[in-house]
Amino acid sequence: MSQQPVALITGAGRRFGFALAKSLLAEGYRVFAHYNSSRDGVAELEELGAVGVQADLTSHDAITALIAAVQAQTQRIDLLVNNASCFFNNQTVDSDPTALAAVFEVHVQAPYLLINGLRPQLKQADNAVVINITDIYTDSPSTDYIAYCAAKAGLANLTLSFAKALAPEVRVNGIQPGPILFLPEHDSEHRQKVLAETPLNLEGGLDPMLQAVRFLRDNPFVTGEFIKVDGGRALMI
């Protein structure tokens with residue numbers, strides 16, 4: 001069996017997922033870069049050697065097909081990062097039942113199916129680790145994003161459950177990001193407000209998230225844990 005480490009990253013077409021995929025490719029990983037509609041970043045990753053895999057994570061059948069596609073191409077997975085996300089406020093989910101369903105399908109159903117379905121491949125690796133990207137609002141939910149926060153809390157609970165169920169062969173941990181990278185639609189007023197409520201008073205960027213992944217990947221004695229990468233913002237909410 002090839003000793004090249006293998007990673008599957010969901011939501012690899014943009015932002016953190018894209019940066020993580022590039023970082024792992026530079027380290028010599030074989031990377032399966034999942035995407036739904038953000039194809040541009042995945043095309044760049046494929047040029048660097050990644051294997052692009054498309055799936056709508058709101059669809060049980062699509063996730064099943066994704067698992068089968070990955071299993072057909074590798075016997076092992078060293079790192080599974082459940083990063084894909086959809087971020088809807090109360091107004092959106094109250095007016096659109098598909099948005100409400102998607103919040104729970106993407107953040108809870110998809111990670112559950114991927115971890116469970118890829119268990120044989122994870123157990124074939126030495127020191128395999130699953131990293132679930134949750135949110136600082138898991139512990140102190142926002143009343144403007146009730147469904148989103150509840151779904152991320154569900155993912156946090158899955159993290160703890162699978163950490164117990166898959167030990168000792170597979171470790172399962174989570175990262176709780178804060179103001180890592182503002183979205184283009186965030187105006188100056190919003191950015192200043194968020195930074196004023198963040199003790200370190202800066203936009204973290206993606207490198208602190210990459211460092212957290214490396215720590216959770218490389219430390220063989222950590223499972224069932226969460227790292228806040230938020231500049232201290234969780235202290236203020």
Side-chain angles (χ1 to χ4, degrees), residues 8-21 33-42 52-67 69 80-117 130-162 174-187 189-191 193-194 197 206 209 226 229-230 233-234 237:
L8 168 59
I9 305 166
T10 66
R14 56 196 292 270
R15 295 170 63 83
F16 170 63
F18 175 77
L20 177 59
H34 159 266
Y35 67 100
N36 180 22
S37 58
S38 298
R39 172 71 191 160
D40 291 345
V42 171
V53 283
Q54 191 278 335
D56 178 355
L57 296 187
T58 68
S59 165
H60 190 290
D61 289 344
I63 297 167
T64 301
L66 169 61
I67 292 169
L80 167 60
V81 181
N82 286 304
N83 166 69
S85 183
C86 57
F87 189 62
F88 299 131
N89 61 19
N90 296 347
Q91 182 178 358
T92 300
V93 299
D94 289 347
S95 61
D96 183 357
T98 62
L100 176 60
V103 167
F104 290 94
E105 289 161 347
V106 170
H107 298 124
V108 181
Q109 175 179 272
Y112 177 88
L113 293 173
L114 288 169
I115 296 169
N116 215 33
V130 176
I131 299 176
N132 295 323
I133 309 302
T134 63
D135 198 288
I136 55 172
Y137 286 101
T138 292
D139 300 321
S140 180
S142 166
T143 56
D144 295 326
Y145 295 88
I146 293 174
Y148 168 83
C149 293
K152 285 293 192 178
L155 179 56
N157 192 273
L158 282 183
T159 302
L160 298 175
S161 297
F162 275 118
I175 297 176
Q176 298 173 300
I180 298 299
L181 196 64
F182 288 117
L183 294 168
E185 57 264 31
H186 290 150
D187 60 23
E189 181 180 354
H190 172 83
R191 297 180 187 214
K193 180 177 184 299
V194 169
E197 297 169 350
L206 296 177
M209 289 285 290
F226 299 89
V229 183
D230 70 340
R233 183 165 169 75
I237 60 176

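Since this is a predicted model, take the numbers as computed values, not measurements.
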| field | Asp135 side chain vs Thr138 backbone, donor-acceptor pair below 3.5 Å | value | no

| task | Please report the closest heavy-atom contact between Leu206 and Ala19, naming both atoms and the distance. | result | CD1-CB, 3.6 Å

| said: Nearest 0.5 angstrom please: Leu160 CG to Leu155 CG, how far? | reply: 10.0 Å

| request: Please report the closest heavy-atom contact between Cys149 and Ser142, naming both atoms and the distance. | output: SG-N, 3.4 Å

| message | I'd like to know if the side chain of Asn83 and the backbone of Thr10 have a donor-acceptor N/O pair within less than 3.5 Å. | response | yes

| request: Please state whether the rings of Phe87 and Tyr145 are parallel, tilted or perpendicular, taking 30° and 60° as the class boundaries. | output: parallel

| task | Walk me through it: do Phe162 and Asn116 pass the test side chain to side chain contact (heavy atoms under 4.5 Å, CB included)? | result | CA-CA 9 Å; Phe162 275 118; Asn116 215 33; 4.0 Å; yes

| So, do Leu57 and Asn36 sit near enough that their side-chain heavy atoms are less than 4.5 Å apart? | no

| note | Of all heavy-atom pairs linking Pro177 and Asp230, the shortest is C-CB, 4.4 Å

| said: Quick check: do Val108 and Tyr112 have side-chain heavy atoms less than 4.5 Å from each other? | reply: no

| In Å and rounded to the nearest 0.5 Å, what is the CG to OG1 distance from Leu114 to Thr64? | 9.5 Å

| task | Please test His60 against Leu113 for side chain to side chain contact (heavy atoms under 4.5 Å, CB included), starting from the C-alpha separation and ending with a verdict. | result | CA-CA 8 Å; His60 190 290; Leu113 293 173; 3.7 Å; yes

| said: Would you compute the distance between atom OH of Tyr148 and atom OG of Ser85 and round it to the nearest 0.5 angstrom? | reply: 4.5 Å

| For the atom pair CD1 (Ile115) and CD1 (Ile67), what is the distance rounded to the nearest 0.5 Å? | 10.5 Å

| When you measure from the side chain of Asn90 to the backbone N and O of Ile146, does any donor-acceptor pair fall under 3.5 Å? | yes

| said: For Asp139, is there any backbone N or O sitting under 3.5 Å from a side-chain donor or acceptor partner on Lys152? | reply: no

| request: List the atom of Val106, the atom of Ala84, and the distance in Å for their closest heavy-atom pair. | output: CG1-O, 3.7 Å

| If only atom types and distance count, is the side chain of Ser140 paired as donor or acceptor with the main-chain N or O of Tyr137 below 3.5 Å? | no

| task | Could you walk me through whether Phe16 and Ile133 pass side chain to side chain contact (heavy atoms under 4.5 Å, CB included), step by step? | result | CA-CA 10 Å; Phe16 170 63; Ile133 309 302; 3.9 Å; yes

| said: When you compare the side chain of Glu105 with that of Ile63, does any pair of heavy atoms fall below 4.5 Å? | reply: no

| field | Atom pair CE (Met209) and CG (Leu20), whose distance is rounded to the nearest 0.5 Å | value | 8.5 Å

| Donor-acceptor contact present, side-chain His34 to main-chain Gly11, <3.5 Å | yes

| note | The side chain to side chain donor-acceptor pair (under 3.5 Å) partner of Lys193 among His190, Glu197, Glu189 is Glu197

| Chi angles and distances behind the side chain to side chain contact (heavy atoms under 4.5 Å, CB included) call for Arg233, Val194 | CA-CA 9 Å; Arg233 183 165 169 75; Val194 169; 4.0 Å; yes

| request: Please say whether more than 12 non-hydrogen atoms of neighbouring residues, nucleotides or ligands are located less than 6.0 Å from CZ in Phe226. | output: yes

| field | Contact summary for Arg15 and Phe182, nearest pair of heavy atoms | value | NH1-O, 3.5 Å

| query | Under 3.5 Å, side chain of His107 to main-chain N/O of Cys86, donor-acceptor pair present? | reply | yes

| task | Without swapping roles, check the side chain of Thr58 against the backbone of Ala102 for a donor-acceptor pair under 3.5 Å. | result | no

| Any luck finding a side-chain donor-acceptor pair between Asn82 and Asn132 under 3.5 Å? | yes

